[in-house]
Amino acid sequence: MMTFIDTHTHLYDDDFDTDVADVIARAMEAGATKMLVPPTDLRSTQKALALCQQFPDLLHPMIGLHPEDVGNDYHAQLETMEQMLAADHKSDNPQFVAVGEVGLDYYWDKSHKKEQRDAFSSQLEWAARYRLPLMIHSRNAGNDLLECMRPWQHKLERGGVFHCFSGSIETANQLLNYHPRFYLGIGGVLTFKNSNLPLTVKHIPLERIVLETDSPYMAPTPMRGRRNEPAYIPYIINRLAEAKGITPEEVAAVTTRNAMQLFFGIH
Ligand code: NI
């Protein structure tokens, strides 16, 4: 059977509260061997951690403050999260596999740009200090993202993911060339009608791609508009295989290897 890793699913989301065990069972039936869970604030970090502890070796939490959740209390949230991260780092069985999802988003909220950059920089510093990969969210942030990352460029030993990538070939090349340890997270957008992403992924080495649903959001065609879940990753695998002219099995095998290498250091 074809197996895969969903590197980005918000399984702690309220949308999954009533049937998360069924969602996870369907994912495993579809071939999921691991699901990585990026929170967006302190509350969801606690919720994600508790959920993942119920499914050890299958679900793995990240820790982070999402740019859209950077509000007036961001200092306090970051402080508590860093205490959690430091304690986890010292424990015999660390749970957090990445810092995420973090980054910049100027699409909805332009009033906290400075605070977003400040929060992102703090979390880049965590990734460097605790030697964790990053799960990066970027929307309408232009050059600010790369500007924030520049001072850390050589200190982010574990690399990370540019999540929900949907840009051009030029942008992809720029990101991947500047950040040799980073991958592009490819999800449902790839399957959308009129998406340019199939053209872009054709030119990106499969060795630089990881798969993600971003569930409950971004459901791929033909599930578009519904609640997304990790069991839908095969729609993305099939579209990626079609775009690159290779087999779905090859897409699944290489992207799984990429995710194991990036998040678990397994080569
Ligand atoms: Ni997300």
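Each ligand, and each atom within it, is numbered from 1 in the order the structure gives.
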Do the ring centers of F96 and H89 come within less than 6.0 Å of each other?
no
So, for Y12 and H10, is the gap between ring centers shorter than 6.0 Å?
yes
With ring centroids as reference points, do Y183 and F162 lie under 6.0 angstrom apart?
no
Listed by chain and number, what are the salt bridge (Lys or Arg N to Asp or Glu O under 4.0 Å) partners of R117, not counting sequence neighbours?
D144
Nearest N/O/S atom of E101 with respect to the Ni ion (ligand 1), by atom name, please.
OE2
Backbone or side-chain N/O/S of H8 under 2.8 Å of the Ni ion (ligand 1)
yes
Taking the Ni ion (ligand 1) as the vertex, how big is the angle to OD1 in D214 and NE2 in H10, rounded to 10°?
90°
